[in-house]
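Just below is one structure, and these are the notes that go with it.
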Amino acid sequence: MRANGVTGGMSRALGSCTVNEQSPRAQSAPADHDEDLPEQMRVRREKRARMLEAGQDPYPVEVPRTATLREVRDGHPDLPADTSTGDEVAVTGRVIFARNTGKLCFATLREGDGTELQAMLSLAKVGQESLDDWKRLVDIGDLVSVEGEVITSKRGELSVLAERWRMAAKALRPLPVAHKPLSEEARVRQRYVDLIVRPQARENARVRSAVVRSLRATLDARGFVEVETPMLQLLHGGATARPFVTHSNALDIDLYLRIAPELYLKRCVVGGIERVFEINRNFRNEGVDSSHSPEFAMLEVYEAYGDYNTMADLTRRLVQDAAKDVFGSTVVRHHDGSEHDLGGEWRQITLYQAVSEALGEEVTPATPVETLRQYADKHDIAWDAKWGPGKLTEELFEELAVHTLVAPTFVRDYPIETSPLTRAHRSTPGVAEKWDLYLQGVELGTAYSELVDPVVQRERLMRQSLLAAKGDPEAMRLDEDFLRAIEYGMPPSGGMGMGVDRLLMALTGLGIRETILFPLARPE
RNA sequence: GCGCCGUUAGCUCAAUUGGCAGAGCAGCUGGCUCUUAACCAGCGGGUUCGGGGUUCGAGUCCCUGACGGCGCACCA
């Protein structure tokens, strides 16, 4: 953010000077200033230096590689022990285990997808010097290239029997113990290490990629157009949340990191991109815990001539397709071993039905606030005298009903009072056409029949901004450009938002910090 | 923001009542041509998160700060 304009140019110039002065020293005496390093890092730097002295490049630009480990494995299934195939290959991988004997060395190599293959180096094949180099220079964690014949060992392990080997990249830091789980904090702060040692971590990254790809495919198949709308915004809107503030030096104005793409996607619908979506990050300057991250990925979809019913159908398909693309079935398996069937039609229930069931008392939009307060008292739920009947009903729902919604459930028709930006229900008075999707007790997404009357929209936004102004010296201003867009005429539309991280959590049972590769953490 | 718990070797963890800071893996030296978290023998490795205090003596007790985890509050 600061690297713009004059200061950026100056720091670059300073930076290059410093590098030029330091690099000869760093080249000639790499070990001299390392005396205070932990022993194992010192040792590895010395091995790197030894290679340079011997004219070997510890970081060559290229190493022999004719096959991936996976290709070697797939190409040689079910060989009996002690087989020579005659196939010559060059493979690469990270050394994850090493077992050296006097004249025969074994190493387990691993590549990115988790495939492992054994390398064998024998005195007879590589000669004394190369074998000694292997034993002297190679540590667990190094990346190496091994050329030789594909064989099986006397114990039957598929292996490459080396004719030659080469360092592909010397690791200067030791790997953590492969058989003890890394601490939670170490995993998050050094995800690259987590990815190296924990297959589950790599799998999580792949599942996330598959889910996002699946969401795009489902939407693409239905004619939705993916767009990218501003993350740097003059006014933040589309949700109620505290924003992050940043600054443009060029324009000399403060900007907000977006809290939602909604107001821009609606502009798209006005313009005629009638089926539109965006998958991207939102930023909210609020609490951080096991299900909230300051930056989180969100899918937001708008469909002209749709409503909250068509959004419910679409959302169900998005989730079911994602489950099928990841698990091959709508039955998803969590890492704790539990299974959840997301197949078939999903339960639909109104908010008032859900509360009535949980309470064992009939609650409707007409139930007076005094009665609701009695219900709250009966269940030891604290309430605020400022709350109207709508807010109180939602509170009862959250305290009593949410945790029971394990199977996917659309909770429909929220009180107008708590959904001020939403269109009123077409037939039921007092409620809005809005649903929240709950899955395993967690809110996964929300949808509306969108409010498109520009006059009503303006009134409601005015009221909101006045409310905001009461408690907030930097009160949100009206987004006049958004209102101007709506005044050109927005078709009746359905809109839906779903947390991508939340979807991952629902599919896999992971915590949010496992679904995000590099979650925000305090400086070490 | 508040409360509780934690931070010890590269990693994962021990350390009794306040009494010589340890183990496994990893590392180093030597041995071993079929190992699979290889094995055998030997060796090194510590600002016990930082700062202050109590004490003859502090990883351990007290105060304070940093970071983390959990719960509450806020929130999607």
Side-chain angles (χ1 to χ4, degrees), chain A residues 36-47 81-83 95-109 116-126 128 131 135-136 138-141 151-159 161 171-190 193-194 196-198 238-243 259-260 262 281-300 382 398 402 436-438 442-446 497-503 505 511-513 519 521-524:
Chain A
D36 55 342
L37 284 177
E39 181 199 21
Q40 298 197 44
M41 286 174 57
R42 205 186 63 236
V43 165
R44 284 159 183 258
R45 276 170 169 73
E46 285 165 3
K47 289 177 179 177
D82 212 8
T83 304
V95 176
I96 56 159
F97 301 126
R99 303 168 290 280
N100 294 344
T101 71
K103 301 187 179 67
L104 182 64
C105 298
F106 301 89
T108 305
L109 306 185
E116 296 176 5
L117 188 68
Q118 179 166 271
M120 294 170 62
L121 293 93
S122 74
L123 176 63
K125 287 281 182 186
V126 300
Q128 192 68 56
L131 188 71
K135 287 198 264 190
R136 272 178 35 233
V138 175
D139 288 300
I140 288 173
I151 63 159
T152 55
S153 70
K154 286 178 184 169
R155 295 287 175 87
E157 182 78 26
L158 188 67
S159 309
L161 180 59
L172 295 186
R173 290 177 183 269
L175 240 36
V177 179
H179 310 284
K180 295 276 186 181
L182 224 50
S183 68
E184 168 86 24
E185 188 183 354
R187 284 196 226 170
V188 166
R189 287 191 187 275
Q190 291 182 262
V193 175
D194 187 33
I196 290 170
V197 300
R198 195 167 59 97
T240 51
R242 291 175 61 189
I259 56 174
E262 172 161 343
R281 237 80 63 78
N282 292 337
F283 306 86
R284 298 190 184 175
N285 207 342
E286 287 167 351
V288 181
D289 63 30
S290 62
S291 60
H292 296 84
S293 170
E295 53 177 324
F296 63 101
M298 182 116 177
L299 164 66
E300 219 167 278
E398 276 164 29
V402 162
D436 273 0
L437 171 60
Y438 284 87
V442 175
E443 186 189 338
L444 192 59
T446 185
M498 180 162 60
V500 174
D501 316 285
R502 290 266 175 99
L503 175 58
M505 292 162 69
I512 200 167
R513 279 191 295 289
R522 280 201 159 78
E524 286 176 70

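Source: prediction; values computed, not measured. In what follows, chains are A, B, ... by sequence order, proteins preceding strands, each numbered from 1.
Side-chain atoms of Phe97(A) lie closest to A37(B) of the nucleotides A37(B), C34(B), C11(B). Minimum atom distance to the side chain of Gln40(A) is reached by G10(B), of the listed U36(B), G68(B), G10(B). For Arg502(A), counting side-chain heavy atoms from C-beta on, the closest listed nucleotide (U36(B), A76(B), C11(B)) is A76(B). The listed nucleotides are C11(B), G68(B), A76(B); the one nearest the side chain of Arg189(A) is G68(B). When distances are taken from the side chain of Ala186(A) to each of U36(B), U12(B), C25(B), the shortest belongs to U12(B).
Between Met41(A) and Leu172(A) the shortest side-chain heavy-atom distance does not fall below 4.5 Å. Inter-residue side-chain proximity for Gln118(A) and Arg99(A) is flagged as met; some heavy-atom pair is nearer than 4.5 Å. Contact of the Ser293(A) side chain with the Asp501(A) side chain is not registered, since no non-hydrogen atoms from C-beta on lie closer than 4.5 Å. Within the 4.5 Å cutoff, the side chain of Arg502(A) has no heavy atoms near those of the Phe296(A) side chain. Val442(A) is not listed as a side-chain neighbour of Met505(A), based on a closest heavy-atom distance of 4.5 Å or more.
Put simply, NZ on Lys103(A) is 21 Å from P on A38(B), counting in whole angstrom units. Between the P atom of G45(B) and the CD atom of Glu39(A) lies a distance of 8 Å, rounded to the nearest Å. The distance from atom CG of Leu175(A) to atom C1' of U12(B) is 14 Å, rounded to the nearest whole Å. Distance Met120(A) CE to C34(B) P: 9 Å, rounded to the nearest Å. To the nearest angstrom, P of U36(B) lies 14 Å from CD1 of Ile140(A). What separates CD of Glu300(A) from P of A76(B) is a distance of 13 Å, to the nearest Å. Straight-line distance from the CG atom of Leu123(A) to the P atom of C34(B): 13 Å, rounded to whole Å. Between Asp501(A) atom CG and A76(B) atom C1' the separation is 10 Å, expressed in whole Å.
In the interface, the side chain of Glu443(A) is not paired with the base of A76(B) through any donor and acceptor atom under 3.5 Å apart.
When the P atom is used for both A26(B) and A38(B), the distance is 6 Å, rounded to whole Å. Nucleotides U48(B) and G59(B) are separated by 5 Å at their C1' atoms, to the nearest Å. Distance check on atom P: G1(B) versus G18(B) gives 34 Å, rounded to whole Å. A distance of about 16 Å separates the P atoms of G24(B) and A14(B), rounded to the whole Å. For C70(B) and G51(B), the P atoms lie 28 Å apart once the distance is rounded to whole Å. A distance of about 40 Å separates the C1' atoms of C63(B) and A76(B), rounded to the whole Å. For the P atoms, the distance linking C13(B) with G52(B) amounts to 29 Å, nearest Å. If you take atom C1' in A41(B) and the same atom in G53(B), they sit 48 Å apart, rounded to whole Å.
Contact annotation: Lys154(A) side-chain N/O to C34(B) OP1/OP2 distance is not under 4.0 Å. The phosphate of C28(B) (OP1 or OP2) has a side-chain N or O of Lys47(A) nearer than 4.0 angstrom. Distances shown here put a side-chain N or O of Ser183(A) below 4.0 Å from the OP1 or OP2 atom of U12(B). Between Arg173(A) and the phosphate of C11(B), there is no side-chain N or O to OP1/OP2 separation shorter than 4.0 Å.
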Kindly express the pairing pattern of RNA chain B in dot-bracket notation, using | wherever a base pairs with another strand and counting only Watson-Crick or G-U pairs under 3.5 Å.
-> (((((((..((((.....[..)))).(((((.......))))).....(((((..]....))))))))))))....
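Residue Thr152(A) is classed as having no contact, given no heavy-atom separation below 4.0 Å to the nucleic acid. Across all strands, Glu286(A) comes closer than 4.0 Å to base atoms (heavy-atom distances). Counting non-hydrogen atoms under 4.0 angstrom, Asp82(A) reaches nothing in the nucleic acid. Residue contacts shown for Ala124(A) include a base, since a base heavy atom lies under 4.0 Å away.
Taken to the nearest 0.5 Å, the CD atom of Glu300(A) stands 10.0 Å off from the OG1 atom of Thr446(A). Note: Glu157(A) CD to Phe106(A) CZ = 9.5 Å, rounded to the nearest 0.5 Å.
Both Val138(A) and Glu157(A) lie near RNA chain B, and the one whose nearest nucleotide falls closer to the 5' end is Val138(A). Both Ala98(A) and Phe296(A) sit near RNA chain B, but only Ala98(A) has its closest nucleotide nearer the 5' end.
When the shell of 6.0 Å around CZ of Arg281(A) is examined, it contains 12 or fewer heavy atoms from other residues, nucleotides or ligands.
For the side-chain contact (heavy atoms from CB on, under 4.5 Å) criterion with Thr108(A), the lone passing option out of Leu117(A), Ile96(A), Ile140(A), Val95(A) is Ile96(A).
Smallest separation of non-hydrogen atoms from Met120(A) and Ile151(A): SD-CD1, 3.8 Å.
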